[in-house]
Structure formats: structure tokens, C-alpha cells
Amino acid sequence: MDIDNPLSRVRNIGIVAHIDAGKTTSTERILYYSGKNYKIGEVDDGTATMDWMAQEKERGITITSAATTLFWHDYKINLIDTPGHVDFTAEVERSLRVLDGIIVVFCAVGGVEPQSETVWRQADKYQVPRICFINKMDRLSADFHRAVEMIESKLGVRPLLLQIPIGSGDEFRGIIDLIKQKAVYWSDKMGSEYHYDEIPDNYVDEAKKQRKNLLEFVSEFDDEVLEKYLDEKEIDESELVRVIRKITLLFKAVPLFCGTSLKNIGVQPLLDAVINYLPSPIDVPRMEGIDRKTGKTISLEPDEKAPFHALSFKVVTDTFVGRMFYIRIYSGTLKRGDTIYNSTQRKKERITKIYRMHSIRREELEEASAGDIVAIVGPKFTVTGDSLVKKGFNTILENIKFPEPVISISIEPRSQRDIETLKSSLIKLLEEDPTFKFHESEDTGQMILSGMGELHLDIIIERLRREFKVDVRTGNPRVSYRESIKRDVSDIEAKYEHILAGKTAFGHVIADITKIDPELGNEFVIIKNKSYDVSAVIIESIKNGFFDSLTSGALAGYPMVGIKFTLKEAYFNSNTSNKIAYRIASANVVTKAIKKTGSELLEPFMRLEVIIPEEFMGDVIANLNSKRAVINDIEKRQNAAIIHAVVPLIGMFGYATQLRSLTQGRGTYSMEFFKYSKVPEDMINSIINIY
């Protein structure tokens with residue numbers, strides 16, 4: 001770490017977790033102990049700073065990610081609190097795209113839960129270093145070592161214990177710091193005062209054992225530490241911190257801490273860990289972009305004097321300032337009043353305001369620079385995922401890929417005069433949420449809203465009513481099916497020759513159409529090192545024609561997924577070649593391929609975890625079997641059973657009510673999207689007829 005560089009004292013971090021693991025509660029303590037807030041907000045009371053939406057306060061859950069900036073020991077921490085519910089996983093996705101490190105919170109009772117696995121995989125995708133916090137050590141049935149084992153077995157990582165708890169449940173009293181080799185106790189109700197003491201006699205052996213495990217592992221990564229360890233010399237705290245930081249940034253292990261945020265125990269050492277072990281903007285690999293003119297890769301220097309480059313990762317509509325854009329600045333400096341270039345949309349944008357955000361509150365800034373996460377006002381054309389750069393540059397940064405919606409409902413305004421208001425409101429919501437989509441049904445004229453789950457759509461409807469004052473009627477939920485091809489086909493040829501605007505337009509394309517995993521979406525590929533007969537502009541038109549053809553399948557009109565288009569030949573005629581003709585020819589290639597292979601219908605399957613008292617297990621499993629569920633595992637935990645299954649979404653509407661009925665209100669469940677899978681042949685006609 002370059003201590004002379006101001007960016008070395010910046011941390012861009014997020015807090016992620018499964019719902020109810022205590023993520024927002026932990027964030028509130030971080031804000032309080034850092035001096036950002038003068039009192040502690042509580043989720044259950046609806047007073048949490050970071051849960052600012054009315055629906056968040058009422059439901060006691062985080063729905064939208066919220067950003068703030070705080071200071072701890074002269075370090076600036078830009079912090080994003082993310083939702084834990086799977087329906088809002090896009091908020092986690094876009095946050096991880098711009099963060100340098102994260103705190104992953106686990107419940108000491110639940111351990112690694114479904115959404116924990118999801119956010120972990122997302123962090124793996126973006127290569128984000130992380131530390132773990134096992135929360136709720138004061139809860140009945142809290143089991144620290146079981147949670148550690150689950151992190152190791154389910155997530156496939158090496159947990160590096162830097163703390164162990166003193167007691168659990170009602171007996172939880174503090175923690176043992178394995179680096180300082182001291183016990184830590186919190187002496188006042190608000191958790192502001194804490195002190196170090198000798199390790200209790202009945203924990204000395206356990207602390208020595210875990211300290212030995214720590215030193216054995218750490219010494220493998222540093223020769224000086226290894227030499228001291230072998231010579232049985234004392235290894236000082238700064239040496240251990242240095243090597244553990246190195247291990248964390250190399251993804252060799254994940255530092256692990258514990259406490260109970262609700263009872264204000266363990267939060268300050270967690271903040272110290274953010275400073276000690278999570279990276280600054282100069283510790284992570286440089287962000288790269290592509291110059292859209294030359295095609296060359298550009299590495300962005302995290303320096304305020306370098307050319308300005310930033311990514312827009314979130315759009316919100318503020319009542320007072322209008323559209324605000326959250327951006328992460330990777331290089332250069334942005335000043336109020338600057339005119340910059342949106343290289344994604346190829347439009348100039350003027351910046352009228354720059355804000356440092358504290359949840360919903362704003363602090364106006366004159367400028368922001370590399371390493372900052374800020375909100376800006378002024379852009380007219382920018383959307384989520386756009387690259388914002390200095391004028392004269394054409395760099396495109398990697399966009400953010402969001403999952404496709406899996407559930408739909410129909411809505412219509414109760415009053416005809418609200419039709420236009422409804423449409424404009426939906427457009428604003430669409431700008432904010434990339435996983436929300438809508439279109440107008442050609443058959444009924446109703447609006448069809450699509451989202452990630454029932455709760456997601458419920459929130460959308462509630463926002464229409466509250467924020468936009470549009471009262472709507474809703475139809476029953478519908479599954480968002482997909483279509484795909486049945487097999488691979490090679491050398492599909494399509495030629496288009498037609499008179500357009502008095503001129504002959506010619507396009508001639510040959511391609512292989514391949515079946516791929518639906519989770520990969522669709523892919524357009526050109527063969528490396530092959531010299532095509534046409535220009536890059538024509539190839540772009542062929543690509544657009546391919547994607548145009550996938551919006552509606554031949555079987556039931558659902559979007560098509562799991563298709564790879566490999567361009568083999570594109571023949572050129574200097575007199576008649578026309579990019580529109582190539583676009584049409586490319587779409588015709590796909591149409592021909594579908595006719596040749598036939599189509600298959602795909603339905604979304606969900607990963608399901610059901611927690612129930614053991615006496616209800618038979619009835620619950622029988623009910624799941626009736627929904628075509630596949631039971632993968634049944635876990636026993638004290639007198640509870642945890643059922644892990646994969647189930648088609650079509651059978652899960654209204655499951656909360658069914659589960660309450662089957663378990664006398666004592667069962668809970670969580671569900672997340674798993675994959676698209678083929679619909680059984682005997683069900684296809686009934687699905688097509690229903691929809």
C-alpha cells in the first residue's frame with residue numbers, strides 16, 4: 001500500500017447478506033460509531049438511516065441500495081448498503097460492479113443461506129475481496145463454528161479466524177482477538193466503550209489452538225513471518241496485519257470476525273478490519289475500457305490528474321432535483337459545470353450538480369475525483385451502465401449485466417385519464433431498475449409488467465400508487481417463459497436482395513446456429529483471425545439482425561435464449577450491399593435455423609429453502625412433490641428441518657399462504673432464480689393456451 005498516495009486512505013465497500021442477517025443493523029452501528037450519525041437507527045422501528053423508502057420502513061427490509069460516506073481513523077469510507085432479498089439482487093449486482101471490497105454478513109443461527117451464496121458468486125464474478133462478519137451471536141441457537149464450517153464447505157473458501165466469540169446466545173459476552181491475543185469487552189449499553197482484558201481461563205486453550213492455526217497458515221505467504229514462526233519468535237501485530245492483507249487481496253483466504261450488531265458488540269473491530277484488510281482504489285487491478293474508435297484496450301490510472309472516466313451504475317428520481325445518477329469515478333476529476341461525453345450513447349452531457357450522498361440526504365460538492373462514488377445531476381441521455389468520459393475520448397467501460405425478469409403481471413389504470421401518467425411513471429421506474437420491464441399487450445391493450453419476483457412487482461405497484469399517484473388494477477402473476485432451439489445447425493445461408501428507396505439492397509450471410517446454456521443469454525461470435533469480406537459496420541448490422549430475431553419465438557412468441565450465432569461468411573457486392581439488407585439477412589438465418597431444428601419451451605426454476613418444524617416435514621414434502629419439485633437435501637437442525645429443493649416457478653405463486661397453512665404458521669422459506677429448463681412435452685399445449 002502506497003501510504004503517500006491519498007487514494008490509499010480511501011475504501012469503497014459494500015455490505016451484503018441474506019435477508020435478516022443484520023446487514024442494515026450493522027450499517028447503522030458503523031454510521032453511529034464513526035460519528036456520521038448522532039444516534040442509532042433501528043430497522044424494526046423504521047428509523048434506519050439507510051432504509052429511507054416508505055416501503056422499507058414499513059416492511060423492515062432493504063429494497064434499494066443506499067450510499068453514504070464516513071470517516072474512520074482518517075480513512076474515508078464510501079459505503080453502500082445493499083438489499084438482502086433475492087428479488088432485488090440487481091441492486092447488489094450494480095453495487096459490486098463499482099466496489100473495491102465488501103463485508104459479507106452471516107447470521108450465527110442460519111449460517112450460509114441461499115442469498116448468501118448468490119452474493120458470494122456475484123462477488124466472485126467481479127473479483128471483489130471480502131471479509132466476513134458472523135452476526136447475531138447473542139441469538140438462541142447461535143453456533144459460531146457451524147457457521148464457519150458452512151462458509152468453508154458451501155462457499156469453497158478458507159475462513160481465516162481473526163476472532164472467536166466468548167460464549168453464545170444469552171451467554172455471549174465479548175470476543176477474543178487472536179492477533180492482539182486479548183479478550184475484548186463492551187462496557188456500556190450503546191457499545192461506545194470497549195476495553196481489552198486477559199483471555200478467560202476456560203478459553204485459553206481454544207485461543208492458543210486458533211492462534212496456532214492462524215500463524216501456520218499466514219507464515220506460508222511471507223518468508224520473514226515463516227522464519228519467526230519456525231524459530232518460535234514473537235510475530236508482532238503489524239507484520240500479521242500486513243500479511244493477512246496480502247492474503248485477502250490475493251483471494252487465498254477470507255478474514256472472519258464475529259459479534260452482535262443489535263447489542264452493539266464487535267462493530268468497531270470490524271471497521272478496523274475494513275481499513276486493515278480491504279483494498280483501496282490503488283490496490284485493485286486497474287479498470288480497463290475499450291476505445292470504440294480503435295478497438296484498443298485502455299487501462300485507467302486511478303489518479304485525479306488523469307483523463308476523466310466514470311461509470312453510471314444507478315439512476316434515481318429525486319423529488320427535488322429530478323434525475324440523479326450515481327457514478328464511480330475511476331480516473332480524473334469532475335467539476336460542477338463540466339461538459340463530458342457519454343461514450344455509450346455518443347452524446348455530450350453537462351454536469352450541473354455533484355453530491356456526496358448520505359442515504360437520501362445530499363451534500364453539494366464543487367468537484368469529485370478518482371476513487372469517489374458520488375451522485376450527479378444534469379445528464380439527459382445517460383442510463384445505468386453508461387460510460388462517462390472526458391471530451392475527446394471514446395472509452396467504453398464494461399457494462400453491467402442484469403438477470404432477466406421471471407414473473408409478469410398485467411395492470412391497467414382505474415381511470416382512463418391516467419393512461420399517459422401511467423406510461424410516463426413506468427418509464428421513470430424503468431430508468432431506475434434495469435430488472436423491471438414493461439410492454440403493452442397487443443391483444444388486450446393492458447400493460448404487462450415483468451420483474452424478479454412477487455415482492456419486486458408488489459413494490460413497483462406500491463410505488464405507482466404512492467409516488468406517482470396512479471391507482472391501478474392488477475391481474476394474476478404470470479411466468480416469463482423463454483424459447484430456444486432444440487439442436488445445433490451449421491452453414492445456414494440467407495440472402496436478401498430487394499429494392500429499397502429505388503435502389504437494390506443486397507445482403508448475404510452464412511452462419512452456424514448453436515445451442516448454449518440459457519443462463520448465458522445469447523451470443524454473437526465472429527471467428528478470430530478470419531478476414532471477412534465486409535466492413536465492421538456491416539458486421540455490426542448482422543449482429544443487430546441476430547438480436548432482432550430473438551425477441552419473439554416461433555412456438556408461443558416468448559423471447560429466445562441460449563442461442564449462439566457464429567458468423568462464417570458475409571459476401572459483399574460493391575454496388576448493392578446495404579447494411580439494412582444484411583440485418584434482414586441475419587434475422588432470416590435465425591428464422592431458417594428455427595424451422596430446421598424446431599423450438600422448445602423453457603420455464604424458470606427456482607432454488608428453494610424451506611425451514612419448518614420436523615413434525616410437518618411429510619406434508620410439506622408432499623406439497624412440494626405436487627409442484628414438480630426436486631428435493632436435493634434435507635438438513636436437521638435441533639428440532640427443525642431445512643429442505644433444499646429446486647422447483648418450477650409456476651407452482652410457487654401464493655406459496656407463503658400454503659406453507660403457513662401446512663405448518664400452523666411456523667414455516668418460513670426463501671427462493672431465488674436458479675435456471676431455465678425445458679418444459680415437459682405434455683405441458684406445452686396447456687401453457688400456450690393459458691397465455
### Task
Applying side chain to side chain donor-acceptor pair (under 3.5 Å), run through S116 and H18 and close with a yes or a no.
CA-CA 5 Å; S116 311; H18 184 89; 4.8 Å; no
### Task
Determine, step by step, whether R336 and E367 satisfy the salt bridge (Lys or Arg N to Asp or Glu O under 4.0 Å) criterion, reporting the C-alpha distance in whole Å, the side-chain angles of both residues, the deciding distance to 0.1 Å, and the verdict.
CA-CA 6 Å; R336 185 166 63 88; E367 66 178 39; over 6 Å; no
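Heavy atoms of other residues, nucleotides or ligands lying less than 6.0 angstrom from NZ of K154 number more than 12. The 12-atom threshold is not exceeded at CG of L140, counting heavy atoms of other residues, nucleotides or ligands nearer than 6.0 Å. Within 6.0 Å of atom NZ in K263, 12 or fewer heavy atoms from other residues, nucleotides or ligands are found, so the atom counts as exposed in its surroundings. Summarising the local packing, NZ of K125 is surrounded by more than 12 heavy atoms from other residues, nucleotides or ligands at distances under 6.0 Å.
Checked by atom type and distance alone, the side chain of K136 pairs as donor or acceptor with a backbone atom of D20 at under 3.5 Å. In terms of modelled atom types and a separation under 3.5 Å, the side chain of E609 and the main chain of M671 share no donor-acceptor contact. Between the D100 side chain and the I13 main chain, no donor and acceptor come within less than 3.5 Å of each other. Counting only distance, with no hydrogens or angles, the side chain of E467 and the backbone of L464 share no donor-acceptor pair below 3.5 Å. K36 places a side-chain N or O within donor-acceptor distance of the main-chain N or O of T69, the cut-off being under 3.5 Å. A distance-only check finds no donor-acceptor pair linking the side chain of S312 to the backbone of D386 [under 3.5 Å]. The main-chain N or O of N276 is found under 3.5 Å from a side-chain atom of R245 such that the two form a donor-acceptor pair.
Using a 4.0 Å cut-off between charged nitrogen and carboxylate oxygen, E237 and K180 count as a salt-bridge pair. No salt bridge links R97 with E93; every basic N to acidic carboxylate O contact stays at or beyond 4.0 Å. A salt bridge is defined here as a Lys NZ or Arg NE, NH1 or NH2 lying under 4.0 Å from an Asp or Glu carboxylate O, and R356 with D372 fails to meet this definition. Checked for salt-bridge contact, R158 and E152 miss the test: no charged N lies under 4.0 Å from a carboxylate O.
With rounding to the nearest 0.5 angstrom, the CG atom of L240 is 5.5 Å from the CD1 atom of I179. The line from CE of M137 to SG of C107 is 10.0 Å long, rounded to the nearest 0.5 Å. The CG atom of L388 sits 5.5 Å away from atom CG of N342, with the distance rounded to the nearest 0.5 Å. Rounded to the nearest 0.5 Å, atoms OG (S95) and CD1 (I80) are 4.5 Å apart.
For the residue pair S261 and S26, a side-chain donor N or O sits within less than 3.5 Å of a side-chain acceptor on the partner. A side-chain N or O of T317 and one of E432 form a donor-acceptor pair less than 3.5 Å apart. A donor atom on one side chain and an acceptor atom on the other are found under 3.5 Å apart for Q268 and W186. N264 and R29 are linked by a side-chain donor-acceptor pair at a separation below 3.5 angstrom, with hydrogens and angles left out of the test. Looking at Y330 and E301, their side chains never bring a donor and an acceptor atom within 3.5 Å of each other.
A cation-pi geometry, defined here as NZ or CZ lying under 6.0 Å from the six-membered ring centre and within 45° of its normal, holds between R9 and Y75. In this structure, R362 satisfies the cation-pi test against Y355, with its NZ or CZ atom closer than 6.0 Å to the six-membered ring centre and inside 45 degrees of the ring normal. Cation-pi geometry between K391 and Y341 is not satisfied (NZ or CZ under 6.0 Å from the ring centre, within 45° of the ring normal).
By the 4.5 Å heavy-atom criterion applied to side chains, L7 and P302 are counted as neighbours. Residues D177 and L162 fail the side-chain proximity criterion, which asks for heavy atoms closer than 4.5 Å. Using a 4.5 Å heavy-atom threshold, the side chains of L161 and V148 count as touching. Within the 4.5 Å cutoff, the side chain of Q163 has heavy atoms near those of the P269 side chain.
Across I329 and A310, no two heavy atoms sit closer than the pair CA-CB, 3.9 Å.
For R173, there are no side-chain hydrogen bond (donor to acceptor under 3.5 Å, both in side chains) partners at least two apart in sequence or on another chain.
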